[in-house]
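These numbers come from the heavy atoms of this one structure, side chains and all, not from hydrogens, waters or symmetry mates.
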Amino acid sequence: TSQSSMMRNAALAIPLISRAIQHPVNIDARDGHGRTSLMWAARLGLKPIYDALKQAGADDNLKDSEGKNAFMHAAQMGHMGLALERKSAS
């Protein structure tokens, strides 16, 4: 399925993310819509990537140009496990 393919690709991306964060990068860099990599990982339901970015210091409080944070993106796309993660972490 498409979801299992995305998760397989996410697992392959983790070593790349790990290598990238060993070098000075802005982990909260934004695209043209003000979205960060963390927001995209949440939006696509890619929990392994989301977790790797959080561990690297990505800020889940940032909002995009529409005023949405990573959790709002997760909820909007139906990834309730990620959307509820903030509540369980408090």
ILVMFWY network linking Met72 to Ile49, side-chain heavy atoms under 4.5 angstrom: no
Can you check whether Met39 reaches Asp64 side chain to side chain, under 4.5 Å on heavy atoms? yes
Nearest 0.5 Å please: distance from the NE2 atom of His79 over to the CE atom of Met77. 5.5 Å
All side chain to side chain contact (heavy atoms under 4.5 Å, CB included) counterparts of Lys54, not counting sequence neighbours: Leu38, Tyr50, Asp60
Validation row: Ile27, Leu53 side chains within 4.5 angstrom (heavy atoms): yes
Less than 4.5 Å apart, side chain to side chain, heavy atoms only: is that true for Gln76 and Arg43? yes
Verify, without hydrogens or angle tests, whether Thr36 (side chain) and Arg30 (backbone) share a donor-acceptor contact under 3.5 angstrom. no
Do Leu46 and Trp40 pass the side chain to side chain contact (heavy atoms under 4.5 Å, CB included) test, and can you show the C-alpha distance, the side-chain angles, and the key distance before you say yes or no? CA-CA 8 Å; Leu46 300 174; Trp40 277 108; over 6 Å; no
Minimum heavy-atom distance between Ala83 and Ala74, given as atom pair plus value: N-CB, 3.7 Å
For the residue pair Ala70 and Ala42, what are the closest heavy atoms and their distance? O-CB, 3.2 Å
His73 versus Arg35: any side-chain heavy-atom pair under 4.5 Å? yes
Looking at every non-hydrogen atom in both residues, tell me the closest pair between Ser65 and His33 and how far apart they are. OG-O, 2.8 Å
Contact summary for Asp28 and Asp59, nearest pair of heavy atoms: OD1-N, 3.0 Å
